[in-house]
Amino acid sequence: MQVKALRIKITGLVQGVGFRPFIYRIAIANKVKGWVENNIRGVTIEAESEEENLSQFIRDIATQAPPASGIENIAQEEIACTGFDGFSIKKSTDDLKGVTEISPDIAVCCDCLDDLKNQPNRINYPFTNCTNCGPRFTIIKDLPYDRHKTTMDVFEMCPDCRKEYTDVTDRRFHAQPVACNHCGPEYELIYGDGHLKDFSSILKKTAALTESAKIIAIKGMGGFHLMCDASNEAAVSRLRNRKLREGKPFAVMFGNIGILEEYAEISESERILLESWRRPIVLLKTKKELAPSVNDGFHRIGVMLPYMPFHHQLFEELKIPAVVLTSGNISDEPIILGNSDAQDKLSKIADAFLVYNRDIFNRTDDSVAFVVNERTKLIRRSRGYVPSPIRTRLDLENIFAAGAELVNAFAVGKQNLAIMSQHIGDLKNFETYEFYEETVKKFLGLFRVKPELVAVDLHPDYFSTKFGNSLGIKTIQFQHHHAHIASCMAEHGLDEKVIGISFDGTGLGTDGHIWGGEFLICNLNDFTRFTHFEYIPMPGGDQVTREPWRSAVSYLYQIYGEGFRNLDLDFLKNIPTTKVDLIIEALKKNINAPLSSSCGRLFDAVSALINLCTVSKFHAEAPMRLESIADNAIQESYPFEFSEIISFKPTIETIVNDLKNKVALPEISSKFHNTIISVLLAVAEKIRIKTSLNKVVLSGGSFQNAILLGKSEHLLTQKGFEVFSHSMVPSNDGGIALGQLAIAAKRRSLGLI
Ligand code: ZN
Ligand code: ZN
Ligand code: FE
């Protein structure tokens, strides 16, 4: 047989995920000689062997790659043979400028779970990990990713671990957090006056406390969780009260997918997502109730499966189906990292503290996702996703995008890669703002980014905008909804004119009004506003988001004047008359009633109008409740007006009639959803006729609504549109920094900046 030589270039997520040792092992197995190295573009291999071996080698690369890797492309070219002696892993040749890939944290793998049962030095060891699994981003202090630059630096490897770590054929070769019972981190349980250090006692006691309705603060991968029995109403409502969290559903962890299936409906793609190494919280339709306080009347529940060895071990002890596992924080503050901080801040919430002695360096919450039309959609992008870059077709080098304010995540640009931060939260909260500043500093350092250009939102009062401006670097402002659409375009590599539909909560428009029901014709660098939802005054400004009844009153007042008070509407009976008087006064005199075309506020108005949610206990509760009750079998929709702009006055009037006729709320909700979708289709069609554009890009917070997104995608596709929606970043403001990066990069490349 003839010997051949190939140069193979692999791009994608192939660094920090055990890729080179994997290549080494399959090279040996296939009698391939040569070398493998990491570089800026990915992994390069020179491979020499008989033709058959080489073909098998390449097939193995594609089919057996480490689970957390993501191969984008394998390119090969034939080269001259050199006559290698064996196969080797070359030291990385690039300087740090090129290092961009840090793996997200990876759920414990099956092999490691087996080791908990079988490997002598890892029996029941809760920090077992290997090159395919374990903490990554959360423990990394600096690059290159090496043990002494992680929070594992204080633990000296024992001889057994070192042997595995240095043996290229071992599955723990260069697994930086490698540890065992003799040398690694340990748990400690603190409760009342008690104090346990022995792990099997800890496990039993934690299970016993949980089963007796106690709340436990437990140190997770990216911060503390608060945990309690999800089937015990007393425990869950106590957690709710102590955490000052009124209505927002709690995420729940089930021991395994079998039990989970009794409580929620799971499609095949949802199952794959739940069981993936990223292990996000997945929103599913409920089948059977846990404690009522878990999701407070919602028909969807956020669930996840165990991802740390401890989770698996705990469920082996527990006799309950699920635990609530919610971020360890008070109200809207960031998730707590440190052991003493947790004991300080959570002392009034938790009855016990389960800590361990390895530091978390980068905090990450659990990510939240749902599935629409078989595709993953993110609501919160954090653990398991961050800091994987988003590959774009733009030169993003040294651009910093500050993000929005309420659901903040920022982004830094490195070559063509957009590196998005983890979910930061609401910057109006002081602790969250500190987390923002600290994380920006970490990202700039970690990824060696020196901002030359700063992209911020048009809103001058956003804390992110102010932060961006304070950097003293060239700063440019972008309209919020253009950035939303650009974010989705960047994800899909679109760089052309498109129909951009942004249905959103709030964002400042170029005319000084609040936008949010927007039809744009745009490319990456600019946009025009084709049409939008009718402006409605929002009495009380920001307060309307907390009190959706104000939006309802405003819509009604536009239609009926003060006469709406005689319509005998149920929702008004719960609002003090004096308050309604004040709002009417504000509307009449136009005091503190900014104009808004927001889609979110329209959903608020309808949710309040049908008396489903008049006062919001958490962000976006009203639209979420409206979505939750919709009866999907209903096909009808309400009338609307569309000439220059889109008016929902006929919609509201017909809903008022439906209420009078005692039409069921799930039917009203569904007809309303269908109306918004009809508007979307009608306007898209009109733009297509006028411009011949056929690509529709959907973005903005309202597309977290699965009905709205699912049906819109489906019907637009049916009408021959090419439809693009998010999958790698959230459609809410947590994805906006990607759009800011993209616009800045495009304008820079055109010499417009
Ligand atoms: Zn493993
Ligand atoms: Zn060890
Ligand atoms: Fe937004």
Side-chain angles (χ1 to χ4, degrees), residues 17-18 21 66-68 103 105-116 119-123 125-136 147 152 155-166 170-173 175-186 277 307-309 312 379 403-409 426 457-459 462 464 478-488 500-509 514-518 545 596-601 619-620 698-704 726 729-740:
V17 288
S103 167
D105 302 286
I106 307 167
V108 59
C109 73
C110 297
D111 293 336
C112 284
L113 288 175
D114 282 347
D115 283 351
L116 294 186
Q119 202 187 22
N121 57 332
R122 292 204 176 81
I123 297 293
Y125 182 58
F127 295 93
T128 300
N129 66 82
C130 70
T131 43
N132 287 334
C133 78
R136 294 287 186 278
R147 184 169 175 113
M152 281 299 291
F155 300 95
E156 176 114 25
M157 266 184 237
C158 73
D160 286 339
C161 284
R162 179 152 302 278
K163 200 164 152 258
E164 294 170 300
Y165 181 83
T166 48
D170 193 279
R171 62 184 194 85
R172 294 200 169 85
F173 175 71
Q176 306 303 346
V178 69
C180 76
N181 262 321
H182 301 131
C183 65
E186 291 166 317
W277 60 268
Y307 56 86
M308 290 175 84
H312 289 274
I379 289 179
E405 181 173 76
L406 182 62
V407 188
N408 179 278
D426 184 356
D457 195 276
L458 192 59
H459 203 307
Y462 276 5
S464 48
F478 300 128
Q479 201 280 322
H480 190 91
H481 302 100
H482 180 213
H484 268 307
I485 300 297
S487 167
C488 191
I501 303 180
S502 186
F503 288 174
D504 198 30
T506 39
L508 184 62
I514 300 163
W515 293 9
E518 309 305 312
T545 57
S596 168
S597 59
S598 161
C599 180
R601 294 302 81 75
H619 175 61
L698 307 175
S699 185
S702 300
F703 287 109
Q704 291 170 101
H726 290 277
V729 302
S731 71
N732 61 37
D733 286 3
I736 216 161
L738 175 61
Q740 294 174 337

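Each ligand, and each atom within it, is numbered from 1 in the order the structure gives. We number each residue from 1, following the sequence as shown. Below, all heavy atoms of this structure are taken into account, side chains as well, without hydrogens, waters or symmetry copies.
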Next item on the list: Using the Zn ion (ligand 2) as the apex, give the angle to atoms SG (C158) and SG (C180), rounded to 10 degrees.
Entry: 100°

Item checked: Between H480 and D457: side-chain donor-acceptor atoms closer than 3.5 Å -> yes

Notebook entry, point to check: If you measure from the Lys or Arg side-chain nitrogens to the Asp or Glu carboxylate oxygens, is any gap between R172 and D115 under 4.0 Å?
Noted result: yes

Note to self: Assess, by modelled atom type and distance only, whether the side chains of N732 and H484 contain a donor and an acceptor separated by less than 3.5 Å.
What the structure shows: no

Notebook entry, point to check: With a cut-off of 2.8 Å, does H484 place any N/O/S atom under that distance from the Fe ion (ligand 3)?
Noted result: yes

Notebook entry, point to check: Hey, which of C112, C161, P309 is the one that makes side-chain contact (heavy atoms from CB on, under 4.5 Å) with R122?
Noted result: C161

Check: Hey, which N, O or S atom on D733 ends up closest to the Fe ion (ligand 3)?
Finding: OD1

Check: Taking the Zn ion (ligand 1) as the vertex, what is the angle from SG of C130 to SG of C109, given to 10 degrees?
Finding: 100°

Next item on the list: Given ring-ring contact (aromatic ring centres under 6.0 Å, His included), test Y165 with F173 step by step and report yes or no.
Entry: CA-CA 4 Å; Y165 181 83; F173 175 71; 7.3 Å; no

Margin query: Under 2.8 Å from the Zn ion (ligand 2), can any N, O or S atom of H182 be found?
Written below: no

Next item on the list: With rounding to the nearest 0.5 Å, note down the distance linking NE2 in H619 to CG in L406.
Entry: 4.5 Å

Note to self: Using 2.8 Å as the threshold, say whether any N, O or S atom from C112 sits that close to the Zn ion (ligand 1).
What the structure shows: yes

Notebook entry, point to check: Closest N/O/S atom of D504 to the Fe ion (ligand 3), by atom name?
Noted result: OD2

